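Below: one structure, written as structure tokens.
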Protein chains: 2
Amino acid sequence: MKKENITIYDIAKEANVSPATVSRVLTGNAKVRPQTMRKIVDVIEKYNFRPNSLARSLLHKQSKTIGFILPDINHPFFSTLVQKSEAFALELGYTTFLCNTMNNSENESKYLQSLVEKQVDGIIYLGGRINDTDTDQEYAEEMKKVMERVPVVFVNGQMSGVDAHIVRTDEESGVEMLVELLVNLNHKKIGFLGGLEGISSTDVKKKTFVNVMETKGLGVNKSWVLDAGFSIESGEEVAAKFLSLKERPTAVICANDLVAIGVIKVLTKFGLKVPDDVSVVGFDDIYLAKHFPPGITTISQNYDQLGQTAIKVLVDLINEKEAKKETVIPTSLVLRDSCKIFSEK
Amino acid sequence: MKKENITIYDIAKEANVSPATVSRVLTGNAKVRPQTMRKIVDVIEKYNFRPNSLARSLLHKQSKTIGFILPDINHPFFSTLVQKSEAFALELGYTTFLCNTMNNSENESKYLQSLVEKQVDGIIYLGGRINDTDTDQEYAEEMKKVMERVPVVFVNGQMSGVDAHIVRTDEESGVEMLVELLVNLNHKKIGFLGGLEGISSTDVKKKTFVNVMETKGLGVNKSWVLDAGFSIESGEEVAAKFLSLKERPTAVICANDLVAIGVIKVLTKFGLKVPDDVSVVGFDDIYLAKHFPPGITTISQNYDQLGQTAIKVLVDLINEKEAKKETVIPTSLVLRDSCKIFSEK
DNA sequence: AGATTCAGTGAAACCGATTTCATTCAATTG
DNA sequence: CAATTGAATGAAATCGGTTTCACTGAATCT
């Protein structure tokens with residue numbers, strides 16, 4: 001069943017030339033007489049020959065391959081970002097390994113090791129952990145060792161103790177815009193829902209939220225800042241907590257759009273209208289945000305720019321060019337119908 | 001910056017043994033004296049050495065790598081399926097190349113070729129085209145040539161003229177269940193919305209729909225069977241067409257859940273209530289189906305089983321074991337609130 | 001004790017491409 | 001016409017592992 005591999009030697013023999021000449025035809029790195037060329041091309045097509053890129057990579061010490069490490073390809077934020085990055089990588093001649101870790105540290109190590117062994121030219125790391133747990137620190141150590149050999153670019157995240165190139169969304173100004181929007185809509189009691197402690201993007205958003213609120217003299221009620229996760233389900237859970245509060249905020253900023261969706265769903269179920277009773281805003285502008293009723297006001301991530309920049313920086317590092325250590329991608333506010341002006345009843 | 005690669009020779013020299021012995025330690029394929037072993041392991045750890053799997057693959061003629069070709073990782077159906085399959089592949093020791101074609105035939109060829117050159121051990125093809133266009137036929141020819149060298153498993157799709165192993169959802173019985181449900185709910189005028197001609201899963205569903213309707217003596221009004229696409233946006237478009245019909249069906253089956261969401265969104269916008277005025281059902285049971293109001297009645301794809309079976313069949317083919325030519329994965333009906341009993345007003 | 005066995009190890013070939021260096025042969029030049 | 005140049009090609013080394021085969025020396029058997 002399985003056909004024997006055809007090699008450059010077989011082609012050479014049949015065309016009465018040396019393997020070197022066949023190689024010259026394949027790579028186009030040197031001149032070959034037209035008639036020799038034709039002979040060789042004919043044989044190549046006859047056998048539908050394709051060169052073995054493992055052999056080539058072994059020699060050149062580059063595989064034209066990059067690895068994507070991310071928590072969950074099923075999350076719209078990641079799938080969109082991967083889609084954009086991968087398309088751009090393809091344009092530059094790179095094929096991508098997908099490493100879906102499901103936030104399982106065993107998988108992460110397994111993948112990291114596998115990528116190194118497979119000689120990827122670079123790694124894009126989506127996510128980021130800044131916990132002080134043992135496993136996280138171990139993983140950070142592992143990552144540092146990998147980075148001695150393979151360039152790594154962090155996207156929207158970082159790892160404590162790891163000094164890496166980073167491309168990230170301007171989450172600070174995003175959160176600031178959201179707070180300002182809500183304040184302009186006369187909200188004074190604002191909460192922050194979702195995300196997880198120890199994930200860098202959550203931490204940045206939460207910290208910014210607290211800062212901006214305090215700068216505006218509004219202060220933050222600690223019981224209005226609730227951790228959850230990144231999924232619709234975790235939005236539902238945190239909404240349940242929200243409902244059980246004695247005093248509730250009139251508006252909430254959610255860590256991302258999926259959380260916002262979960263929150264809206266539960267609030268609606270329990271008779272609270274969004275935006276009439278509570279204003280809810282999200283983050284990311286996933287494709288659902290505009291479709292899920294009532295349409296979610298959110299911060300738009302520039303997926304194209306984020307993905308392209310990440311790949312560009314990575315490829316620069318691969319080619320040993322200088323690259324900016326940190327690139328911040330601007331965001332913009334997308335107004336929809338999940339928040340409105342607050343007025344006392 | 002870039003560290004020189006450490007090889008098995010460096011390790012051998014430092015440990016005063018031959019490369020062969022180091023290799024024995026790495027692979028565990030032969031016995032090594034404990035004290036020799038310890039010496040070697042120490043040196044390996046000292047330099048944090050990882051063997052180059054390109055060299056190994058070159059020799060073994062297997063890369064422990066499989067390629068996923070799919071139209072769009074951003075579509076929940078594909079991202080979920082990929083997530084499940086990839087996790088299972090990892091368990092079996094395979095790493096996966098992600099090839100997101102965006103239905104662009106140029107990309108598809110590029111990827112197909114690249115996967116062959118990168119010596120993937122097998123390919124999972126998600127999607128399927130049964131058009132008679134020139135580019136499609138060309139692509140099918142290309143695919144056939146690839147299949148002479150690399151095992152390919154088609155998931156939920158096929159390609160005209162290509163005789164491949166296939167693992168698929170029982171779309172026929174899924175559609176049948178939906179029709180039966182609607183008929184039991186007293187609907188007689190039923191439409192079918194979405195999907196695209198030339199995509200095999202659409203064709204199967206549409207054909208089954210027509211058959212079942214005719215078997216039940218209800219017949220099919222051709223203007224109630226409308227092509228669109230697979231996204232929310234295409235659902236919106238097809239809903240607009242639906243609205244402009246002189247006589248409208250009382251229930252519609254959508255090609256998938258995203259289309260259903262688009263349809264529900266537009267119907268609602270134009271004042272038609274789902275399910276009160278029109279019943280809408282979907283297909284796939286993507287994670288959104290249960291969250292999008294009013295909750296979409298749909299057919300559940302068994303993603304785990306679909307993904308695992310596909311990988312299992314592929315790995316069997318890789319290992320030259322027998323494998324069932326066609327595996328059909330059963331579906332189940334998931335009742336939610338997007339359809340209800342029809343009663344004349 | 002001498003013959004036999006066997007565990008442990010090394011030398012060398014190999015996987016399939018690329019590339020340097022040397023060589024050949026035709027074309028150009030004085 | 002001999003000498004020089006240069007274009008086209010081939011031989012062989014190389015990338016970094018694995019594996020076969022041969023060999024050594026110690027343990028076992030008669």
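Per chain, numbering begins at 1; letters A, B, ... match sequence-line order. The figures that follow rest on heavy atoms only: side chains count, while hydrogens, waters and symmetry mates do not. If you're wondering where the values come from, they're calculated on a predicted model, not measured in any experiment.
- Put simply, the side chain of A:L54 does not reach to within 4.5 Å of the side chain of B:K118, judged on heavy atoms.
- Scanning all heavy atoms of the two residues, the minimum distance from B:N104 to B:E106 falls at OD1-N, 2.7 Å.
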Exercise. DNA chain C in dot-bracket, Watson-Crick or G-U pairs under 3.5 Å, [ ] crossing, | other strand?
Worked result: ||||||||||||||||||||||||||||||
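- Listed by first and then second residue, the side chain to side chain donor-acceptor pair (under 3.5 Å) pairs that reach into residues 303-316 of chain B are B:N302-B:Q305, sequence neighbours excluded.
- Between B:D72 and B:N103, every side-chain heavy-atom pair lies at or beyond the 4.5 Å cut-off.
- Under the salt bridge (Lys or Arg N to Asp or Glu O under 4.0 Å) criterion, A:K46 pairs with A:E14, not counting sequence neighbours.
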Seminar exercise, completed: Heavy-atom contacts, protein to nucleotides 8-18 of chain D, under 4.0 Å, summarised as B (base), S (sugar-phosphate only) or - (none) per nt, yield SBBB--BBBBB
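- Taking the side chain to side chain contact (heavy atoms under 4.5 Å, CB included) definition, one finds that A:S85 meets it with A:F68, A:L81, A:I311, sequence neighbours left out.
- Under the rule for a ring-ring contact (aromatic ring centres under 6.0 Å, His included), the partners of B:H75 that lie at least two apart in sequence or sit in another chain are B:F78.
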